[in-house]
Amino acid sequence: MKLLKKVLVTLALFLFISDISWSKPNLILISVDTLRQDHLGIYGYDRNTSPNIDRLLKSGAWFDKADCNVPLTTPSFASLMSSRYPHETGATRNGIPMLDGMETLSEILKQNGYSTAAILSNWPLKKNLSNLQKGFDLYDDKFYEKRWLFFNDERDAKEVTSLAASWLESKPKPPFLLWAHYSEPHSPYQFHRGFVFNEPNRPDTETQTKIDAYDSEVAYADSQIGILLNKIRELKLDQNSLIVFIADHGENLGEHGYLGHGRYLYQESIRIPFGVSGPGIPSNQKIESQAELLDFAPTALGYLGIPPGKMMRGRNLIQPIKGEIPWEKNRLIYLETFPGAVRGEGAQNLANTKKPIWIGFQLNEVKLLYYIPGSRWQMLNLNADPQELKNLADPANQNFILYSDHLLKWFHSWEHSIAQGNTDALTESDRKKLEALGYLNK
Ligand SMILES: [Zn+2]
């Protein structure tokens, strides 16, 4: 009895000193808007744009082949939180919020007793335009009030870090979910002092200047993410938190004659950085198996020991990361993208035009794309043709027949039941902001 008492006292003392609680782990989600994978050091970029993100990803497991399912902000984040496709969430375009009935990760965590906070920085994620505030105690999308007179309608990374750090310092009741979203790499791109790359041998073109500015935005966001990560370590929150790093989509920087995202489903806009780090996750683990953005919610919930939502489509990648089950081979990843934001009459016409512009899938090195308005096919081989310039679609090719049949079957299974959120959500001032961000339908 005496011994038991001694053990209990020691244990209580240990818990007190080490500040370990019995609660579930926290979840810290750090996302960056419009961050293409190949502009990060850890993914082989030759500019040192991302020392802090690199270190974070190397402290855990990161996915070499991770793709978003839709290259548009509101649709992609609705998919991230619900693990469902845009044609299911109803958030098919920027400016159209997801449907109320979509169960999200934040709601599930709230039901499981989590304190929940989100620090936003980008116009299309405002409450009225996204419906992403569900399940959040704090959904801070108030940046637009302060910065009304500025052309740049993003919240600066410094402010995202400072608000996220203050929230952590306020000692939210554990366990908690913190989502910090950074928007720097989104256009219009700006140079940041101290984060400029202009090697003497770089080509002197307009596109290159845009790439230089984009990289400056990435490096600046990375430096602020570094400050937030230091705060997390200083508060010892890394000892009991899963930290997930992800982007909603990439960005075409002149490839395929396009600057921006949303219009095509090529790799520049689809391939994203994605990694997880936390106690129990082996460090320095580069994963070659295919992952998709829809995996985020089931993976995070899996780590926290909470079952995924019933309708969630993605996989819990924690199990294969820990070696509990083998990696899935020949994984098929579906892709879709929709036209830009519309308002007024255009919104009413959406009923006729709510179909995607492109759909597609990726299966190992094969990518199949279908342009719906023009009924055009593209079949690409990502290994032999990483720039996606050679169209291998050929009606006489057996593989093409098989693949195109499969994609059309998938599309026909939902094309007449495309979900659509409130098309009147977009106000005139929202419309102007989205136009400035290049989000309007042209
Ligand atoms: Zn975005």
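Counting starts at 1 for both ligands and their atoms, in listed order. In what follows, residues are counted from 1 in the order of the sequence shown.
Counting non-hydrogen atoms of neighbouring residues, nucleotides and ligands closer than 6.0 angstrom, the CD atom of E199 exceeds 12 such neighbours.
Remark: side-chain polar atoms of E184 are paired, donor with acceptor, to backbone N or O of A157 under 3.5 angstrom. Of the possible polar contacts, none joining the Q285 side chain to the K322 backbone as a donor-acceptor pair under 3.5 Å is found.
Checked against the Zn ion (ligand 1), the N, O or S atom of D248 at the shortest distance is OD2.
For T34, every N, O or S atom stays at 2.8 Å or more from the Zn ion (ligand 1). Residue side and main chain included, H261 places no N/O/S atom under 2.8 Å of the Zn ion (ligand 1).
At the Zn ion (ligand 1), the vertex angle linking OD1 of D33 with OG1 of T73 is 120° (nearest 10 degrees).
Between E428 and R431, at least one side-chain nitrogen of the basic residue sits less than 4.0 Å from a carboxylate oxygen of the acidic one, meeting the salt-bridge criterion.
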